[in-house]
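What follows is a single structure, written as structure tokens, with notes after it.
Just so it is clear, the values below take in all heavy atoms, side chains as well, and ignore hydrogens, waters and symmetry mates.
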Amino acid sequence: MSDTLPESDTQELATVYVPSEAEHLVTERWAESGAFHAEPSGSADTPTYSVVIPPPNVTAALHLGHALNNTLQDVLVRFHRMNGHNTLWMPGTDHAGIATQTVVEKRLLQEGTKRLEMGRDAFIEKTQEWKDEYEATILGQLSEMGASCDYERTRFTMDDMCATAVRHAFYTLFEDGLIYRGKRLVNWDPVTGTALADDEVEMEEVQGHMWYLRYPLEDGSGHVTVATTRPETMLGDTAVAINPNDPRAADLAGKNVVLPIVGRVIPILEDDYVVLPDPDSSDTKAQMSSGCLKVTPAHDPNDWDIGLRHDLDVINVMAADASISDQYGWDDVSNDARAFVGLGRYEAREAIVAWFDENGLLEKVVDYSHSVGHSYRSHVPIEPWLSDQWYVKASDDRFAGSALRAQNPDQVTGLAAQHTAGDANGDGELTFVPERYAKTFQQWHEGIRDWCISRQLWWGHQIPVWSAAVVDTSGRHPQPAIAEALASVESGTAVKIDSKWSNAGAIHVVRQVTDTEFVESICVPGDSTLRRLDRSDTSMDEAAIVAALEAEGFKRDPDVLDTWFSSALWPMSTMGWPYPEDFPETTGDGSDLLSTFNPTSLLSTAREIITLWVSRMVMFNRYFMDGQLPFTDVFIHAMVQDGHGQKMSKSLGNGVDPRDIIYSHGADAMRFTLVQMTTDTQDVKMPVDMVCPHTNTPFTPEFITTKAGHLVAAPTQTSPEDPSKTMVSAYGVAVGEVAPTNDVPLARNTSAKFDAGRNFSNKVWNAVRFAIGRLDSETVEAGPIDISSARFVDQWIVARLAATIDKLEAAIATYQFNVYADTLYDFIWRDLCDRYLEVVKPTIDDDPTQQAVLAAVFDASLRIMAPVCPFITETLWPYVSDARGGEIIGLELPASDLLATAAWPVAADSIANPNVIIDFDRAYALITEIRTLRASQNVKPKQRITLNGPAEVLALIAATGGTVETLAGLGEVADDSEGAPPVSSAVAFEGAQVFLSGLTDEVDIDAEKARLEDVIAQKTKQIGGFRGKLSNDGYVNGAPPHLVQETRDMLAAAEADLAAAEASLERLA
RNA sequence: GGGCGUUUAGCUCAGUUGGCUAGAGCAUCUCGUUUACACCGAGAGGGUCGGGGGUUCAAGUCCCUCAACGCCCA
């Protein structure tokens, strides 16, 4: 019995459940109990269930999308905890490199300073403060929503444990030749000076132009016309391409053109990438095409590919800020061209177009709307730019191939032979729910590109590589072997060499950068790795190696790793990989977290990061852990959209803080509604209202359309009840347009969607109030109860409970969350409250056995509801536990102080009596008929009426022990041997006439006739349908016999009902 | 351009391999304040399942096609 809650007493429970009064008490009890803490298990006998949280970015507070995902995980985790699994839910946060750095830089600007002014160390310190603030907020939110994470194990992607893993992973991949450096086209953000991953580029439709430029043929026989949306890049053209199927190709291919302005002579070549011109095509590209494509390998990814195919020169004509420059590989600058050097990209565009116009080489300009990649941070168009970056060789079979082989064979089609699952550890075990996302995963890996992992940021894991230019390959620190080593490989390929650095445990490579430039790089592992290496020189630790390197002029790479590099290690790094013994908190019982809980049971996430995150965790976990998967099941949940069908997102500013919903509806209500709306469709619309902070009333805000065309709440809103008062919206604050003040406060959000969950909580609350008020611990039956000798309705509710438990277990096993919520709702509200409690009211006070059944059913109900609504159930748990009487034989409900760690109920087949359920359903159909009749004649609920019916109906009423009498308000039940009572109405039930009398003093004959005529019309229509079916030979012969028989039965029943109704009508005439 | 999805009652959504008279919550209307709950109870109205075509004894469900909307990838 709890000592933090009062002894059970119905007086203690208010008539309305107030979540804010209950939730924090429950949270404290959970925290004190250590119920969510998991320890490694040395025994293989205990089943485990583990989940790593998708670590939220520390950029901002969580929104409803997070609430959804974390609620689903919590439901699963709580369910499995109750089912006796050793359960670990690992919480944590992600440093989110670019995103966090950007928000911190924004704040710095507001404070009047800049990142570059304060320097790297100070900036990182500042960012760390931001991280601490939001990490605390996020963990607080998780706790408030009831997430049963093991908070003692909270990790952060940049903490020591994770950093150790990152360092070891980088070292290992470097050693294995899976990390390389190369000049590649990257998505360059010229404003932030950062290379972006493909997924960080947002495509936006832009109203631009297509310029048609003439390039003269070298032989003077005319010109070709190229079409381009980016004329400024022509300075770097190194070819013109034409489709081999173009009729002009035979004549033009092999000739040269003289590149205007620059004077460079470049070839015309054939490549079928070029779109054939077709003015009648529905494809705008074909409409706009001139048939000739200018090829600029340094400034366009497609041109880069063409350049590779045809071995073209790569001439970079831009600087890092996207201005025209001759410092990055452009060395044939003509006198005419010199005028353009130094211009910004858009100035250069204008100037070049003007030059072509003045020189008669501008054929035409056409308006053209096309999509352009924009930086998701600075929102300017990105520039494909040639730059040095680090890559992970994701295309290697050890990564992409391994990911494909991991897929459940039932979920993939058309896999290449080398990618089909074999017998290797982890092969074929990765299963997606819903299944369709397996295809997304497959297609991504079939076309995967190497992964650019370097980012020009300060916030993140700095790349552990120190480099220096080799001044003279024959002298200084490297051995003469360098020249020899490099002579045998392709330019740019790194070659490992032996040196004092490699003797000390580092990896030493050299590579040729240009004809005359060489670079040597040293990857230094962390101490935990270094200690375990078999190295000839053990005199230096990491710090000593770094000091020695820097003393010799080596400089550490200033870039940091892509955020996803550390996220990719999350299921390993949070559990102490690679050396759990270095982190004693991850070990115990002769085992450690990694061996106990990896692979995890499930990853629940949004579909948008299947490629960014899921893929990379699979590749890394398998590579580093001998083929083992990071998780076996991947559940992709629906996306929460706002009321206008727009995705809720930070950048849009339409996200809803779960704390707002907890404030207006309570955590359980939020959770229940989120679970209930989780179907396997893609999106869920959530119309969002605001709560006026002045009057505390919800209202629909005024919406505005943003420049980008999104519908959002206007930054400032007027109080609907007091127009003199105003408030600011979450959107207004999120985009920085307004800030809350005392007079103009921030309005919380809410949504009527959550009313369903709140009402459900309140229903349960009051049902328990009723129950414990009727239970008397002095009289309740204390011994074991054989349910088959209990009252009919007690047998029925226990049978329904058993069926419900089965259905809930199946829903969890198949991740059908909405089924779980709906099943709970139906059982508790419909069966337990509307039916069972109403039926027992006349008998419960004097029936000790019924009291024990009632208590047991409530006990079990709290248990099955706990995974979804943990707060209210935990709050009610002591009251219900106290009220318990004897056990029901066949229903296991072992006592527990805490509901969170109580056992899931186990029901034996013996109590799942299907015949009782069938009889109840029949009786309920009769009840509904009677109630409908009562309602149509406005009979008062208290009015007891008399039923006269045939023996079969009376038998049913008797068999269901008071159910019909109580729920239909019957005062007297008698046979119909005397015929219809003089003042009565008749309903048709199972083909019989059932007479009801005592409804009113006088039956309204006309109304009664109208009602019967409605019944007759309805039955006649049904009969027509059934007869139609049965007169169809195809149906009678083709359909399964049991269906045909069912139709015959239904026809007979409808005909009998029709006859009964007609007889009743006749009687009135 | 490729892929995935959505379109069912006024609103938000269910509807498992094709098979009872297509369901729920909210909203609406009628009645009811019965000592658990008005965040309640009883009842009612409301849908040619986006349009068109096809397969089948039978289609919301399978196939084709058109339209609108959304997401991912290029």
Side-chain angles (χ1 to χ4, degrees), chain A residues 10 13-17 198-199 203 275 282-286 301-302 371 373 434 436-437 439-440 442-444 447 449 606-611 638-639 641 643 645-647 665-666 669 673 676-677 679-687 751-753 755-774 810 814 816 818-819 821-822 825-826 829-830 833-834 837-838 841 927-928 930-942 967-969 1018-1019 1021-1022 1025-1026 1029-1030 1032-1040 1042-1044 1046-1047 1049-1050 1053-1054:
Chain A
T10 183
L13 293 178
T15 57
V16 175
Y17 172 55
D198 290 345
D199 43 79
M203 302 310 291
V275 177
S282 59
D283 178 7
T284 46
K285 278 197 175 142
N302 294 310
S371 71
R436 61 178 176 275
Y437 294 110
K439 193 165 185 177
T440 306
Q442 180 187 347
Q443 289 175 343
W444 167 255
R449 297 192 188 184
R607 63 181 176 276
E608 61 199 17
I609 53 177
I610 292 173
T611 55
M639 197 159 62
Q641 300 181 331
Q646 304 163 138
K647 173 175 157 181
H665 288 80
T673 300
Q676 195 180 34
M677 60 191 224
T679 66
D680 78 357
T681 52
Q682 294 209 79
D683 310 310
V684 181
K685 259 185 251 173
M686 170 82 67
S751 171
K753 271 279 222 179
D755 290 355
R758 182 198 55 196
N759 297 352
F760 184 51
S761 297
N762 197 52
K763 188 73 181 176
V764 170
W765 181 262
N766 277 290
V768 170
R769 277 183 68 225
F770 168 82
I772 61 182
R774 292 304 185 95
T814 52
Q816 291 182 286
N818 63 316
V819 173
D822 289 341
Y825 188 94
D826 275 352
W829 200 314
R830 302 273 88 96
C833 295
D834 290 348
L837 290 186
E838 293 305 322
K841 275 179 181 176
I927 291 162
T928 303
I930 298 171
R931 284 174 162 177
T932 303
L933 180 82
R934 292 179 63 122
S936 74
Q937 299 194 10
N938 289 337
V939 180
K940 302 280 184 239
K942 272 184 175 166
L967 295 184
Q1018 190 200 345
K1019 294 291 173 191
K1021 192 181 161 200
Q1022 281 178 20
F1026 295 140
K1029 262 186 163 179
L1030 290 168
N1032 179 344
D1033 288 345
Y1035 176 70
V1036 175
N1037 300 324
H1042 72 273
L1043 281 175
V1044 178
E1046 260 178 44
T1047 307
D1049 293 347
M1050 284 189 298

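- Rounded to whole Å, atom P of B:rG19 lies 18 Å from atom CG of A:Leu1030.
- Among the nucleotides B:rU34, B:rC4, B:rU21, the one closest to any side-chain atom of A:Pro941 is B:rU34.
- In this model, the phosphate group of B:rG41 is approached by a side-chain N or O of A:Lys763 to a distance below 4.0 Å at OP1 or OP2.
- Annotation: side-chain hydrogen bond (donor to acceptor under 3.5 Å, both in side chains) contacts of A:Lys763 (sequence neighbours excluded): none.
- Phosphate contact (OP1/OP2 of B:rC11, side-chain N/O of A:Lys753, threshold under 4.0 Å): absent.
- The side chain of A:Lys940 contributes an N or O atom lying less than 4.0 Å from OP1 or OP2 of B:rG32.
- For A:Gln641, the listed nucleotide lying nearest its side chain is B:rG70; candidates were B:rU21, B:rG43, B:rG70.
- In this structure, A:Asp834 reaches the sugar-phosphate backbone alone: every heavy-atom distance under 4.0 Å involves primed, P, OP1 or OP2 atoms, never a base.
- Dashed line: the shortest gap from a side-chain N or O of A:Thr679 to OP1 or OP2 of B:rC13 is not under 4.0 Å.
- In this structure, A:Trp829 reaches the B:rG41 phosphate: one of its side-chain N or O atoms is under 4.0 Å from OP1 or OP2.
- A donor-acceptor contact under 3.5 Å is formed by the side chain of A:Glu838 with the base of B:rA36.
- Checking B:rA44, B:rG19, B:rA36 against the side-chain heavy atoms of A:Pro1040 singles out B:rG19 as nearest.
- Backbone-only engagement by A:Lys685 is indicated by non-hydrogen atom pairs under 4.0 Å involving sugar-phosphate atoms exclusively.
- Nucleotides B:rG70 and B:rC13, compared at atom P, are 15 Å apart to the nearest Å.
- For the pair A:Asn759 and B:rC40, the criterion of a side-chain N or O lying under 4.0 Å from OP1 or OP2 is met.
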Taking Watson-Crick and G-U wobble contacts under 3.5 angstrom, with | marking pairs to another strand and [ ] crossing pairs, the secondary structure of RNA chain B is written (((((((..((((.....[...)))).(((((.......))))).....(((((..]....)))))))))))).
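- Side-chain nitrogen and oxygen atoms of A:Arg769 include none within less than 4.0 Å of the OP1 or OP2 phosphate oxygen of B:rC40.
- Proximity of A:Arg607 to the phosphate of B:rC4: no side-chain N or O atom is located under 4.0 Å from OP1 or OP2.
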